[in-house]
Amino acid sequence: MSTYKSDFLKVLAERGFIHQVSEPDQLDQLAASRPITAYIGFDCTAASLHIGSLLPIMMLYWMQQTGHRPIALMGGGTTRVGDPSGKDESRKILTDEQINQNLTGIRAVFSKFLKFEDAGGSAIMANNADWLNGLNYIDFLRDVGRHFSVNRMLSFDSVKMRLERQHELSFLEFNYMILQAYDFVELHKRYACDLQMGGSDQWGNIVNGIDLGRRMENAQLFALTAPLITTASGAKMGKTAAGAVWLDANLVSPYEYWQFWRNTEDGDVVRFLKLFTILPLAEIERLGSLKGQDINEAKKVLATEATAMVHGRDTADRAAETARQTFEEGAAAATLPTIEIPSAELAAGIGVLVAFQRAGLVASTSDARRQVKGGGLRVNDAAVSDERMTLDASALIDGAIKLSLGRKRHVLLKSV
RNA sequence: GGACAGGUGCCCGAGUGGUUAAAGGGGACGGACUGUAAAUCCGUUGGCUUAGCCUACGUUGGUUCAAAUCCAACCCUGUCCA
């Protein structure tokens, strides 16, 4: 498996990033002989990226670490159309303003992993709006469209599946692969980009780009895809009760982010350590040999290391310490997520149901009521049995009231 | 443009006049058991000022004591025909 000569492919292979590679020997040779340039495309439909994008980001990270040049391509142009592959969810057409706003948010995430040109590094951030927005339909058809054979496009799995199941495939969607192929060629022209990476579902689209590159530019381009990551029990990664696990500290606090990784299933620990941390493989192997209860040590390392990648070492250590105090000492660590309540309001007394709702632990007071019935709510570690209970200043311990939902989720209520 | 089929809660999917906040499953959350794991079992799964009230079965109107269920128009989706 890791018969690769280039550091780049060797590292990716050893860590489990590789699902498929086109012309592996040739690419390996190229990467061993000179720095190569590769890109991955990202949607900018949201203001931040979530765990799902972490894998591709890590691929770009390793690329830069092994001496190559990564390009993060923002889908500013393709987002304007809206990715049609997501079923019938109302494809919100985002305004250019929103897209640009999202771009800056996403860029902030990337800068944690990659050194961009303006920061003295080699990484490039590109936006396909730069070349897609100005396209002229007829010109595009003549220059690019003529290289696409519909016969061949129809043979792609993604298309074939739709046709066989007699599901509609819109023309827009049919064109999506052409635009993506064009992106690849455009990046090759602009930045001498050699390689496109992506999730395994992108294989067909990437291969299209390779094909177009050969026809239009007589260029040899390459494809590399990563496996689809699911948890050991088969679920898609990255969703929790609160929704997506975002990489932005304002959307998901570093403590919660740490907790996400801490709660990894046993069977996933080693795989995740390889993919989502930069620990040496020897260290990962040692952690992976831990059995039974001891595997929790490995999970803590995973959590701290993964959090450090996104939020920084200090923040990660603090999250680990908060968790230690909360779970191992049963104390109310002062660094738990906190919400503030005006002291006057607290003095007047605030209903437990409302308090939990404000803390974001329950969605509604009805939800809170249900949780009380199920014995899921605790105030200062004492179960709430009366939904009419009110909290006031007398419940403060060291200036805070600890609200808990279940065993794991805690929020401090502080009076201001 | 025409002919069919269909639009139900987070998702899938039953339900064809009243006991339906809507079967069943999935997911999610809580409880028990554990190791902040998995598996398993139990409970919950629209909102509110909760022994009550309000809102909900594509939209809007109508029939009826009573509608997710019947009628009409419209919107949307799929299949087939032009």
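Reckoned from all heavy atoms, side chains included, excluding hydrogens, waters and symmetry mates. Per chain, numbering begins at 1; letters A, B, ... match sequence-line order.
Pairing for B/rA56 is absent, with no Watson-Crick or G-U wobble pair whose two atom distances lie under 3.5 Å. With a cut-off of 3.5 Å on both pairing distances, the Watson-Crick or G-U wobble partner of B/rC4 is B/rG78. B/rA21 makes up no base pair with any nucleotide shown, lacking Watson-Crick or G-U wobble contacts both under 3.5 Å. With a cut-off of 3.5 Å on both pairing distances, the Watson-Crick or G-U wobble partner of B/rC70 is B/rG62. As the counterpart of B/rC41, B/rG31 is assigned, both hydrogen-bonding distances of the Watson-Crick or G-U wobble pattern falling under 3.5 Å. Pairing partner, B/rA51: none, since no Watson-Crick or wobble contact has both distances short of 3.5 Å.
At least one side-chain heavy atom of A/Phe148 sits under 4.5 Å from a side-chain heavy atom of A/Asn208. Counting heavy atoms from C-beta on, the side chains of A/Leu403 and A/Leu391 come closer than 4.5 Å.
For the P atom pair drawn from B/rA22 and B/rC57, the interatomic distance equals 15 Å after rounding to whole Å. On the C1' atoms, B/rU34 is 34 Å away from B/rA23, given to the nearest whole Å. Between B/rC33 and B/rG43, the distance separating the two C1' atoms is 15 Å to the nearest Å. Look at the P atom in both B/rA67 and B/rG61: the space between them is 15 Å, to the nearest Å. When the P atom is compared between B/rU77 and B/rU8, the two are found 14 Å apart, to the nearest whole Å. Taking atom P in both B/rA73 and B/rA5, one finds a spacing of 15 Å when rounded to whole Å. With C1' as the reference atom, B/rG62 and B/rA51 are 37 Å apart, rounded to whole Å. Here, B/rG52 and B/rC11 have their C1' atoms 32 Å apart, quoted to the whole Å.
Between the CG atom of A/Leu353 and the P atom of B/rU49 there is a distance of 8 Å, rounded to whole Å. In this structure, A/Leu290 places its CG atom 18 Å from P of B/rA38, rounding to the nearest Å. Counting to the nearest Å, the P atom of B/rU36 and the CZ atom of A/Phe327 are 8 Å from each other. Atom pair A/Arg388:CZ and B/rU49:C1' shows a separation of 11 Å (rounding to whole Å applied). Rounded to an integer number of Å, the gap from A/Glu265 CD to B/rA39 C1' is 10 Å. The CG atom of A/Asp294 sits 16 Å away from the P atom of B/rA37 (whole-angstrom rounding). Between the CZ atom of A/Arg409 and the P atom of B/rG31 there is a distance of 11 Å, rounded to whole Å. Atom CG in A/Asp386 sits roughly 12 Å away from atom P in B/rU50 (whole-Å rounding).
Contact annotation: A/Lys299 does not reach the phosphate of B/rA38 (side-chain N/O to OP1 or OP2, under 4.0 Å). Here A/Arg407 does not reach the OP1 or OP2 of B/rU34: none of its side-chain N or O atoms lies under 4.0 Å away.
If you run side-chain hydrogen bond (donor to acceptor under 3.5 Å, both in side chains) between A/Trp258 and each of A/Asn263, A/Thr304, A/Thr307, only A/Thr304 comes through.
Comparing A/Trp258 and A/Gly406 by the nucleotide of RNA chain B whose heavy atom lies nearest to each, the residue mapping closer to the 5' end is A/Gly406.
Within residues 365-379 of chain A, the residues having any heavy atom closer than 4.0 Å to RNA chain B are, in order of number, A/Thr365, A/Ser366, A/Arg369, A/Arg370, A/Gln371, A/Gly374, A/Gly375, A/Gly376. Near RNA chain B, meaning a heavy atom under 4.0 Å away, the residues from residues 315-326 of chain A are A/Ala323. Residues from residues 336-344 of chain A that place a heavy atom under 4.0 Å from any atom of RNA chain B: there are none.
The cationic atom of A/Arg262 (NZ for Lys, CZ for Arg) does not lie both less than 6.0 Å from the six-membered ring centre of A/Phe327 and within 45° of the ring axis.
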| task | Would you sort out whether A/Thr225 and A/Gln202 count as a side-chain hydrogen bond (donor to acceptor under 3.5 Å, both in side chains), showing the intermediate values? | result | CA-CA 7 Å; A/Thr225 55; A/Gln202 293 299 310; over 6 Å; no
| Yes or no on salt bridge (charged side-chain N to carboxylate O under 4.0 Å, His left out) for A/Arg271 and A/Asp268, after CA distance, side-chain angles and deciding distance? | CA-CA 5 Å; A/Arg271 200 157 48 107; A/Asp268 289 326; 2.8 Å; yes
| message | A/Glu321 vs A/Arg318, test: salt bridge (charged side-chain N to carboxylate O under 4.0 Å, His left out). Steps then yes/no. | response | CA-CA 5 Å; A/Glu321 175 58 17; A/Arg318 230 173 298 134; over 6 Å; no
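Aromatic ring pairs are classed by plane angle as parallel below 30°, tilted from 30° to 60° and perpendicular above 60°; the pair A/Tyr61 and A/Phe113 is perpendicular.
Taking 3.5 Å as the limit, the base of B/rU36 and the side chain of A/Gln259 contain a donor-acceptor pair of atoms between them. Below the 3.5 angstrom threshold, one finds a donor paired with an acceptor across the side chain of A/Asp266 and the base of B/rG35.
The number of heavy atoms from other shown groups lying within 6.0 Å of CG (A/Asp398) does not exceed 12. Crowding of A/Glu285 atom CD: a count of heavy atoms from other residues, nucleotides or ligands under 6.0 Å not exceeding 12.
A side-chain donor-acceptor contact under 3.5 Å links A/Ser122 and A/Gln64. Residues A/Trp62 and A/Asp7 bring no donor and acceptor atom of their side chains to less than 3.5 Å of each other.
A salt bridge links A/Glu305 with A/Arg313; the closest basic N to acidic carboxylate O contact falls under 4.0 Å.
Proximity of a side-chain donor or acceptor of A/Asp392 to a complementary backbone N or O of A/Ala347 within less than 3.5 Å is not detected.
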